[in-house]
Amino acid sequence: MAAFVDRVVLHVSGGHGGHGVASVKREKFKPLGGPDGGNGGDGGDVTLLVDSQTTTLLSFHHAPHRHAGNGGPGMGDFRNGGLGESLTLSVPDGTVVKDQDGNILADLVGHGASYVAAQGGQGGLGNAALSSAKRKAPGFALLGIPGEERDIVLELKSVADIALVGFPSAGKSSLIASISAARPKIADYPFTTLVPNLGVVQAGETRYTVADVPGLIPGASEGKGLGLEFLRHVERCAALVHVLDCGSLESDRDPLSDFAAIEAELAAYAVEPTFAQGGQGVVPLNERPRLVALNKTDLPDGQDMADMVRESLEERGLRVFEISAVSHKGLDPLKFAMADLVRQARERLPEPEQPAEPEVVRPRSVRSRKGGRGEFEIRREERNLKPLFRVRGSKPERWVAQTDFTIDEAVGYLADRLNRLGVEDALFKQGAKPGDAVVIGADDNGVVFDWEPTMAAGAELLGGPRGADLRMEEQHRPTREDKRRDYEERKAARAATQAELESERRTGVWAVDQEINRLSGIEDESDTDAEPGPGSHG
């Protein structure tokens, strides 16, 4: 028999998005045919789906790490990467999904209910998708975004209308076996029932489910026995039935003390709010409709004990039924009384809402004001006695994750996107100055920049080789003082050169050079160009 597990910690992660590719189409007579890099595929999601055939969380107990498929990388010739394979995990009906802090994320009730536990990462765009009329040949592509990673807690809460509560060996399993087709294990020792058992009961025209909760003992709400493990299975029930043992052989127990002990534990247990309660508020367990079933009245002392405690229980406003799960004594009145409570609880439920018209999702206008509410926020912090500006928002953080910081053009493209979003203007309003540290993201995965406002926009207008951005190069614009100093230095160098030449002329260095040229047969240009004298012969 498979073990019953109703609480597990599950580590889920969506698939990573594939990287886009920077490629250039090359064919005969067209060595540079333009960008043709494809996009990366999106990663798969991890989805929890209620399956009526699944009754336990045992599979997650043995394999708590689940990961969806990664998206494929883009390729040249406009070929996009394949989509990552999504992972669907079957969970039992009544599974509650919580985060590590105990906050309820989803309450999965009903066959087919689903919840996306971890979303897959978005694939990066290739350079073909990034090209435009101004940026015709991008030399970069966007990276894929890693999938979402989460640690979630799955808790199973039985979906039943009536819960049978009582001490161990009070006869709850025998009762559910007598009024339904359920066949739980039945034995004559305490804590025979270790898992909740569900049975379907038909009383007239009303069909309802009954949950046999493992035996409770004093201190169950504090974790003694099996209390905290299975008291959660009572939370969804509309009514409770106290099964009291009238034939107990223990001298320190009697039906009234058992009833008081179980009531105290129900009152001490804190019911968690869930999404399946229809907004009616949380009803404590001890305030829900209750019936009392005095069991084992077929024993010699059982009927006598029932006669002694019945009046005391009825004085508290409780309906009391004398039954025997073995001989089926008094079971029909109890079944119809439980059906009445179920019918009343169902009548109190709110009417199902009419299906609303499908919402038309329209893309946001491109003329909307940049830097709108919710897109990003900037907080001014201080680190090492210096100002630090932290930018948080889904778009800026996603853009940073998509950027390959080894390519200057990709960094310039990121600066352009941030400027169009309004981050540049917002930093100015926050009092940021050139050189201040700007962090985009949280401390664990944030990227730190030294803010330079001049790097804000215009990458598509800058010339340069593919993959380069001139704004990333170190440039120094000379000031007027620098220009004056350079002019004076060049003027002084020219004067020094003229003085050196004049000094050589006066020392006769040039006359010696002319004599050497004459002896070598090299005519002086001055003599060649001179007109012939009167005694010369042409």
Side-chain angles (χ1 to χ4, degrees), residues 4-10 12 45-61 66 87-99 102-118 150 152-165 176 180 182 195-201 206-213 228-240 269-285 287-289 338-339 341-356:
F4 180 81
V5 177
D6 63 349
R7 188 182 188 277
V8 295
V9 178
L10 190 61
V12 293
D45 299 334
V46 179
T47 304
L48 304 178
L49 179 66
V50 173
D51 184 4
S52 58
Q53 301 300 319
T54 304
T55 59
T56 178
L57 302 174
L58 181 63
S59 60
F60 305 124
H61 175 73
R66 303 299 178 96
L87 180 63
T88 301
L89 305 177
S90 298
V91 297
D93 189 8
T95 300
V96 178
V97 186
K98 300 180 180 179
D99 59 13
N103 301 316
I104 297 178
L105 303 177
D107 188 11
L108 304 179
V109 178
H111 181 75
S114 62
Y115 172 71
V116 179
R150 302 174 69 181
I152 58 177
V153 179
L154 302 184
E155 289 186 355
L156 176 59
K157 298 182 180 181
S158 299
V159 180
D161 299 307
I162 301 291
L164 305 180
V165 296
I176 196 174
S180 70
V195 300
N197 297 300
L198 294 179
V200 179
V201 181
T206 305
R207 182 188 296 265
Y208 55 93
T209 57
V210 178
D212 167 24
V213 181
L228 285 182
E229 294 296 326
F230 297 107
L231 266 176
R232 70 170 66 97
H233 293 275
V234 188
E235 293 186 26
R236 300 186 189 276
C237 300
L240 306 177
Y269 181 77
V271 179
E272 290 184 337
T274 59
F275 302 145
Q277 292 179 343
Q280 295 181 343
V282 179
V283 180
L285 296 181
E287 296 181 9
R288 300 185 185 185
M338 290 190 292
L341 294 181
V342 173
R343 190 163 45 250
Q344 295 173 11
R346 292 174 181 176
E347 292 175 354
R348 290 194 298 268
L349 292 177
E351 293 292 334
E353 299 180 357
Q354 295 294 332

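What's counted below: heavy atoms across the whole structure, side chains too, no hydrogens, waters or symmetry copies.
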List the steps and the verdict of side-chain contact (heavy atoms from CB on, under 4.5 Å) for Val200 and Ser180. CA-CA 6 Å; Val200 179; Ser180 70; 5.6 Å; no
Set of side-chain contact (heavy atoms from CB on, under 4.5 Å) partners for Ala239, sequence neighbours left out: Ile162, Pro289, Leu341
Any non-hydrogen side-chain atom of Val12 less than 4.5 Å from a side-chain atom of Leu48? no
Can you list everything that forms a side chain to side chain donor-acceptor pair (under 3.5 Å) with Thr47? Sequence neighbours excluded, please. none
Nearest-0.5 Å distance, CD of residue Gln53 to NE2 of residue His111: 8.5 Å
Is any side-chain heavy atom of Leu89 closer than 4.5 Å to one of Phe60? yes
With sequence neighbours excluded, tell me which residues meet side-chain contact (heavy atoms from CB on, under 4.5 Å) with Thr54. Asp51, Ser90, Pro92
Distance (rounded to the nearest 0.5 Å) between Lys157 NZ and Leu108 CG: 12.0 Å
Salt bridge Arg236-Asp93, side-chain N to carboxylate O under 4.0 Å: no
Looking at Asp161 and Arg346, is there a salt bridge between them, counting it only when a charged N and a carboxylate O are closer than 4.0 Å? yes
Output the distance between atom OG1 (Thr209) and atom CD1 (Ile176), rounded to the nearest 0.5 Å. 9.0 Å
For the CG atom of Leu164 and the CG atom of Asp212, what is their distance to the nearest 0.5 Å? 6.0 Å
For Asp99, which residues count as a side chain to side chain donor-acceptor pair (under 3.5 Å) partner, sequence neighbours excluded? Asn103
Between Arg150 and Ala117, is there a donor-acceptor pair closer than 3.5 Å when you use the side chain of the first and the backbone of the second? yes
Less than 4.5 Å apart, side chain to side chain, heavy atoms only: is that true for Thr95 and Val50? no
Which residues share a side-chain contact (heavy atoms from CB on, under 4.5 Å) with Ala211, sequence neighbours left out: Ala160, Leu198
Is any side-chain heavy atom of Val97 closer than 4.5 Å to a side-chain heavy atom of Leu154? yes
Which residues pass the side chain to side chain donor-acceptor pair (under 3.5 Å) test with Arg207, sequence neighbours left out? Gln202
How long is the span from the CG atom in Leu240 to the CE atom in Met338, to the nearest 0.5 Å? 12.0 Å
